[in-house]
Participant: 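Let me begin by handing over the structure; questions about it come next.
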Amino acid sequence: MSQVTIDRNEIDIVIAAFRSDLTSFLEEWRPIISRFHLIIVQDPDLKEGLKIPNGFDVDVYTKSDIDKLVSASHASMFSGYACRYFGYLVSKRKYIVSIDDDCSPAKDNNGDVVDIVTQHITNLKTPATPLFFNTLYDPYRKGSDFVRGYPFSLRSGVPCVLSCGLWLNLADFDAPTQSLKPELRNSRYVDAVLTVPKNSLMPMSGINIAFDRETVGPAILPALKLAKEGKVRWETMEDVWCGLVVKVVCDHLQLGVKTGIPYVWRNERGSAIDSLKKEWQGVKLMEELIPFFQTLKLSQDAVTAEDCVMEMAVAIKKGMGSKHPELANAAGNMVEWVKIWKEVGSRVLI
Amino acid sequence: MSSSSSSTIRPTPLLKDELDIVIPTIRNLDFLEMWRPFFQPYHLIIVQDGDPSKIIKVPEGFDYELYNRNDINKILGPKSSCISFKDSACRCFGYMVSKKKYIFTIDDDCFVAKDPSGNDINALEQHIKNLLSPSTPFFFNTLYDPYREGADFVRGYPFSLREGVPTAVSHGLWLNIPDYDAPTQLVKPRERNTRFVDAVLTIPKGTLFPMCGMNLAFDRELIGPAMYFGLMGDGQPIGRYDDMWAGWCIKVICDHLGLGVKTGLPYIWHSKASNPFVNLKKEYKGIYWQEELIPFFQGATLPKECTTVQSCYKELSKQVKAKLGKIDDYFNKLADAMLTWIEAWDELNPSMQLANGIERLVV
């Protein structure tokens, strides 16, 4: 397989800032991300200005930028963890790499620092194989290939539009799990990336992702807000919801989602036990969402990510909106997101 | 979430009276010496392929039964036609005559591999761990098998799905010579699999995979009757698709019955690369046929009245005849052989109908 090129003009790194002093975070990541353009979106609730070290090519967006671009009634779509989506919206590049601000670079089994940008972009620039499972994982990786019995007609794969990375140290467990097992840390570096098969849903974690903004940007959306959403990952479902939506879209449009490497090292933040109360609503919702999303079928007329999202919003409102007002809201947010996406996309660059 | 919240790790049960190791061979069993520390407690079923007059020596100290072609013909009579000759597919005869709950099957050119720390891998122990813990086919866990020590379900994984389903099959992998098809072997003769991926994962419901019989374990009670390795080798137009065929059948049936299939660890060290030109001749038809077979299996549905493995398998054989017979007459013969296999299985394994309608095998 030919080498994948990492072109800085194609990539934006989007980070949501929940604390004002980003010095140590950015210094840690400097060797890996300093050559790329950064978009930092400040949590609208964060009052202090951001402290950013020199030497980065960075654009910062704050609450006032959000308010200027979207109407007041929809500004809440970009509150909390969802403020990063504003960064996706204003980006003008093809690929986005996005991580939480409590992550540090990880080391692989050889002790080398993991370059998440190179690995994510490699995942995105090599095909995915959702239609048949390859037992040697990603066949496009060096040293690997399709195994005996893999149909030849399926070996060109489909475009990969979403790359979901993983986490060492503090894995993305929910609050009940982490409360019950406070010592549980993920120390297993699994040296694999694989395609999530078609029709199989998975929980997308926003902690460490990358995606093809051109193709699937409209489906990477902030929609679901829990009533008591907070400032730690245990208290949000926005990424899990987004993952369900984008997987249905990808399955329908014959696009691929990969999961596995690269890893980040995730640091401690917040209290799992304190978060237990807030997360419960989301946990209950998932039980109904899964069967709904598993059987959701889109029409043949839905040929773009926007089309798919609009159809899904209608189906969600109709199928679950009356029973769950937060889902009716989410459906409304999805429609609004596509509208804003189109508006912003059509603006001329200054 | 997964069951154990204590810091001690429970030892894996040996299951030495509940598991048979099935080994097809045509040459010799020298490889068993390396496996002795791990295999000696278990009963072996050796299926000797090829010339039955050849004496295959089993290393001292192993408890075994050995069947050559004469034995197979004697035991099955006319039904022996379903068991392949001159192909490792004959191994499935071993599954049929076993009286145990679990089967581990391994090829005679597979040796003990080392993990990244340099320790010998006890492949059998890992297979047992895989089979004794649930699978999670209904929703993908991004941290792979949540029941492994040090892992769990991730945020967003529905709690109602965290009990999982029983695991019917554990599919292991290979370091060194990878299981490539002939065309790939010809293009990449020197490629070796050196990447140790420290994961076990469930293959999601509705997804097919290429099942390799080199390093495979399964729960015979849950899925045994569907583990027929087809008609290959002598007198047949195709080879090297025996395990593939079984893999597609068992996956459709497992998906239907709510059973799980895991893949990943354990690794074995695969030492011998078979001749790619010989392989190409064997696989040639399969490469074309598989383009039709895959859509067939992907679209195969079983009626809800099929609640046992045998009834699922018989139904599948009907569909094979109806839909694949037109590709080549081979599939008509194969469909018949599938039925012969089930008849032979049921004869050798008289079953007892339980109150809830699930057939249990009387050992």
Side-chain angles (χ1 to χ4, degrees), chain A residues 109 130-137 141 143-154 164 166 171-177 180-181 183-192 194 196-205 233-234 237 239-240 243 259-260 279 282-283 286-287 289-290 294, chain B residues 1 5 7 116 137-144 148 150-161 171 173 178-184 188 191-199 201 203-212 240-241 243-244 247 263-264 283 286-287 290-291 293-294 298:
Chain A
N109 287 330
L131 300 173
F132 205 79
F133 191 89
N134 192 46
T135 48
L136 278 187
Y137 312 110
R141 271 188 92 189
S144 188
D145 212 307
F146 290 97
V147 296
R148 172 176 59 98
Y150 202 103
F152 278 80
S153 62
L154 297 180
C164 300
L166 293 173
D172 194 9
F173 295 131
D174 51 51
T177 306
L180 270 169
K181 298 181 175 184
E183 305 305 314
L184 181 61
R185 295 290 177 274
N186 186 23
S187 53
R188 186 176 289 132
Y189 182 98
V190 177
D191 189 7
L194 64 143
V196 183
K198 183 175 177 178
N199 296 331
S200 179
L201 295 174
M202 86 283 172
M204 184 182 92
S205 164
R233 274 286 176 205
W234 290 309
M237 290 282 291
D239 49 355
V240 177
T259 183
E279 212 199 27
V283 164
M286 281 304 282
E287 300 302 329
L289 287 181
I290 299 315
Q294 274 170 340
Chain B
M1 57 210 90
S5 53
S7 53
F138 304 123
F139 202 72
F140 192 90
N141 192 46
T142 46
L143 275 189
Y144 314 110
R148 275 188 87 193
D152 213 310
F153 290 96
V154 297
R155 175 176 58 98
Y157 203 103
F159 278 81
S160 61
L161 296 179
H171 177 264
L173 295 175
D179 190 23
Y180 288 159
D181 50 53
T184 310
K188 295 179 164 189
E191 184 150 279
R192 298 290 176 265
N193 187 22
T194 54
R195 186 176 290 129
F196 183 93
V197 177
D198 192 1
L201 63 143
I203 301 181
K205 179 177 177 177
T207 302
L208 295 175
F209 75 114
M211 185 177 86
C212 173
R240 286 170 58 86
Y241 272 86
D243 41 6
M244 299 298 138
T263 185
E283 290 173 19
I287 289 175
Q290 137 190 293
E291 296 300 330
L293 297 180
I294 298 309
Q298 277 171 338

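Each chain gets a letter, A, B and so on, in the order the sequences are listed, and its residues count up from 1.
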Participant: Measure B:Ile287 against the heavy atoms of chain A and call it side chain, backbone, both or neither at under 4.5 Å.
Facilitator: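 For B:Ile287, side-chain heavy atoms alone lie under 4.5 Å from chain A.
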Participant: Need one label for B:Thr207: side chain, backbone, both or neither, based on atoms under 4.5 Å from any heavy atom in chain A.
Facilitator: side chain
Participant: Measure distances from B:Pro116 to the heavy atoms of chain A and classify the residue's part below 4.5 Å as side chain, backbone, both or neither.
Facilitator: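 It is neither, since no heavy atom gets under 4.5 Å.
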Participant: Say you draw a straight line from OH of A:Tyr137 to OG1 of B:Thr263; how long is it, rounded to the nearest 0.5 Å?
Facilitator: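 It is 5.5 Å, given to the nearest 0.5 Å.
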Participant: Please find the pair of heavy atoms, one from A:Arg188 and one from B:Ala151, that lie closest to each other, and give the distance.
Facilitator: NH1-CB, 4.2 Å
Participant: Donor-acceptor check, side chain of A:Arg148 to backbone of B:Arg240, threshold 3.5 angstrom: yes or no?
Facilitator: yes
Participant: To the closest 0.5 Å, what do you measure between CG (B:Asp198) and CG (A:Asn109)?
Facilitator: 8.0 Å
Participant: What part of A:Leu201 gets closer than 4.5 Å to chain B, counting heavy atoms only: side chain, backbone, both or neither?
Facilitator: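 For A:Leu201, heavy atoms of backbone and side chain both lie under 4.5 Å from chain B.
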Participant: Looking at every non-hydrogen atom in both residues, tell me the closest pair between A:Leu136 and B:Pro178 and how far apart they are.
Facilitator: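 Closest approach of A:Leu136 to B:Pro178, heavy atoms only: CD1-CB, 4.2 Å.
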Participant: Pick one of side chain, backbone, both or neither for B:Arg192, based on which atoms fall under 4.5 Å of a heavy atom in chain A.
Facilitator: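 Contact with chain A is through the backbone of B:Arg192 alone.
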Participant: Could you give the distance from NZ (B:Lys205) to OG (A:Ser200), rounded to the nearest 0.5 Å?
Facilitator: 11.5 Å
Participant: Given side-chain contact (heavy atoms from CB on, under 4.5 Å), test B:Phe159 with A:Met286 step by step and report yes or no.
Facilitator: CA-CA 8 Å; B:Phe159 278 81; A:Met286 281 304 282; over 6 Å; no
Participant: Between the main-chain N or O of B:Phe139 and the side-chain N or O of A:Gln294, is there a donor-acceptor pair closer than 3.5 Å?
Facilitator: no
Participant: I need the B:Gln290 CD to A:Phe132 CZ distance, nearest 0.5 Å.
Facilitator: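 Atom-to-atom, B:Gln290:CD and A:Phe132:CZ are 7.0 Å apart.
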Participant: Which heavy atom of A:Asn186 sits nearest to which heavy atom of B:Gly150, and what is that distance?
Facilitator: OD1-O, 4.3 Å
Participant: Is it the side chain or the backbone of A:Asn199 that comes within 4.5 Å of chain B heavy atoms, both, or neither?
Facilitator: neither
Participant: Compare every heavy atom of A:Pro203 with every heavy atom of B:Val154, then report the nearest pair and how far apart it is.
Facilitator: CG2-CG, 3.4 Å
Participant: Which bit of B:Ser160 comes within less than 4.5 Å of chain A, counting heavy atoms only: side chain, backbone, both or neither?
Facilitator: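 B:Ser160 touches chain A through backbone and side-chain heavy atoms alike.
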Participant: Rounded to the nearest 0.5 Å, how far apart are CZ of B:Phe209 and OH of A:Tyr150?
Facilitator: 13.5 Å
Participant: Closest heavy-atom contact between A:Thr135 and B:His171?
Facilitator: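 Between these two residues, the closest heavy atoms are CG2-CE1, 3.6 Å.
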Participant: If every non-hydrogen atom of B:Ala199 is compared with every non-hydrogen atom of A:Val190, which pair is closest and at what distance?
Facilitator: CB-CG1, 3.5 Å
Participant: Relative to chain B, which of A:Ala192, A:Ser144, A:Pro130, A:Cys164 shows the most heavy atom pairs under 4.5 Å?
Facilitator: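 Looking at each of A:Ala192, A:Ser144, A:Pro130, A:Cys164 in turn, A:Ser144 comes out on top.
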Participant: Within this structure, what is the CG-CG distance for the pair A:Asp145 and B:Asp179, rounded to the nearest 0.5 Å?
Facilitator: 12.0 Å
Participant: Which bit of B:Leu201 is near chain A, if near means a heavy-atom gap under 4.5 Å: side chain, backbone, both or neither?
Facilitator: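 The answer is the side chain of B:Leu201.
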